[in-house]
There are 2 protein chains.
Amino acid sequence: MTELRADARRNHERVLDAATEVFAASGPDASIDEIARLAGVGHGTVFRRFPTKDDLMYAVIERHVAQICSLAEEALASDDPAEAFFGFARAAAELGMTTPGLHKCIVHCGEKPRGAELEELGTKIVSRAQRAGGLRRDVEPSDVAPLIRAALIAAPPGQWRRYLDVVLDGLRS
Amino acid sequence: MTELRADARRNHERVLDAATEVFAASGPDASIDEIARLAGVGHGTVFRRFPTKDDLMYAVIERHVAQICSLAEEALASDDPAEAFFGFARAAAELGMTTPGLHKCIVHCGEKPRGAELEELGTKIVSRAQRAGGLRRDVEPSDVAPLIRAALIAAPPGQWRRYLDVVLDGLRS
DNA sequence: CCTCAAACGGACTACCGAGTCCGCTTACAG
DNA sequence: CTGTAAGCGGACTCGGTAGTCCGTTTGAGG
């Protein structure tokens, strides 16, 4: 069996869900206590599974990234590289903005988690679009995500689509 | 005269300078103690002049904004509205990036300080450029600064000029 | 000089959040 | 059913910061 008692596995799940919700709402400043309360466990339980707050944050992001990866794969399947890129950017933004605080968490974490898989897929999408001439060449693939994320964070509540448009237009050749 | 003893005035000055330096380096999370230490005063002295940390931060930003205002006035003097805008944006960014943490402070403070004067000048510059057709019309004047600031914050140390270029290109009609 | 209010500065309080510890509870194997 | 190790959770420690208070120092007017 999974080497984990049933209640332990259940709590692990609950904590991850609660953490996602709380980090999404409050960004990296969310407190472990609040997460534990929402999960309905003592905060000692949280720390047993995730020795530090950052570990927990990584885990949340990791799970979130998995969803984005599948979008990225779809995009790579398309045969219009430029449209694939812009479509993917919008879709990913759409998904990400359901959990705005996570952007700040990703920024906070810096390099650490950022699933290598997504990193790679993203690079492919960007450089493919650049080769096809739909995307300016003087940006590194690794610049694109931070730029977009920054605009999304800065945008006032209802306005992020407009902000995104500006940045995406700026990225066109 | 200023109704303020000589040493008081001198310390006020020192605190403001130290605060500028520390906030510029560490953003809004800088601690009052560090500022007081750098200023060479006890932290009680800091609190006497600036009852809360935010008050101090506002004061620092206020002073910083004054410098930007003079750039804005120059820009309004130019008779090429579009170039005035883009030139001003670059100049202000250049100035602002000598004190990167202040961007985060401005974001942190939200509406509160934001000198009304600069607000007004900025609006004029933007809408003048829009009327002249050099700037896309689907952005509000109040969107421009946050967008640019976001890009500057997100940029890795040496790279902010490239990030700025992307955003500015996105703002062109 | 001398006085004294203004100004100083550091000890102190209050609070908050991360991370530890340990006595109690409970899943589950035998 | 029972023994026991895995798991639980809250009390506790520790560190760090905003803001207060008050005994001491000092600038400046008379």
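Chain naming here is simple, since letters A, B, ... match the order of the sequence lines and numbering starts at 1 in each. Bear in mind that the values here come from a model prediction, so they are computed numbers and not experimental data.
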To the nearest angstrom, the CE-P distance between B:M57 and D:dG19 comes to 11 Å

Rounded to the nearest Å, what distance is computed from the CD atom of residue A:E3 to the C1' atom of nucleotide D:dG7? 14 Å

Counting only side-chain nitrogens and oxygens, does A:R49 get under 4.0 Å of the OP1 or OP2 atom of D:dC8? yes

Identify, residue by residue, the members of residues 34-43 of chain B with a heavy atom below 4.0 Å from DNA chain C, and return them in order of residue number, or none. B:V41, B:G42, B:H43

Could you state the CG-P distance from B:L4 to C:dA7, rounded to the nearest angstrom? 5 Å

In this structure, how many angstroms lie between the C1' atom of C:dA7 and the NE2 atom of B:H12, rounded? 13 Å

I need the NZ-P distance between B:K53 and C:dC15, as an integer number of Å. 19 Å

For the residue pair B:T52 and B:D55, confirm or rule out a side-chain donor-acceptor distance under 3.5 Å. yes

Counting N and O atoms only, with roles assigned by atom type, does the side chain of A:N11 sit under 3.5 Å from a partner on the main chain of A:A8, one being a donor and the other an acceptor? no

Could you pull out the closest heavy-atom pair between B:V15 and B:F50, with the gap in Å? CG1-CE1, 3.9 Å

May I ask you to verify if any side-chain N or O of A:R5 is less than 4.0 angstrom from the OP1 or OP2 atom of D:dA5? no

Between P of C:dA18 and CG of A:L56, the distance in whole Å: 10 Å

Taking the side chain from B:Q130 and the backbone from B:V139, do they hold a donor-acceptor pair closer than 3.5 Å? yes

Less than 6.0 Å separating the ring centroids of B:F23 and B:H108? no

Heavy-atom donor-acceptor pair, A:T45 side chain to A:V41 backbone, under 3.5 Å: no

Does A:R48 get its side chain close enough to the base of D:dG9, under 3.5 Å, for a donor-acceptor pair? yes

Against the side chain of B:D7, the closest entry in C:dA27, C:dC8, D:dA28 is C:dC8

Result for 5'-nearest mapping on DNA chain D, choosing between B:P51 and A:T45, is A:T45

One thing to verify: whether A:R162 and B:D143 come together as a salt bridge, which I'm taking to mean a side-chain N less than 4.0 angstrom from a carboxylate O. yes

d(CG, B:D33; C1', D:dG15) in whole Å: 13 Å

B:F47 has an atom CZ; how far is it from atom P of C:dG10, in whole Å? 14 Å

Using a cut-off of strictly less than 4.0 Å, decide whether B:N11 has a side-chain nitrogen or oxygen near OP1 or OP2 of C:dC8. yes

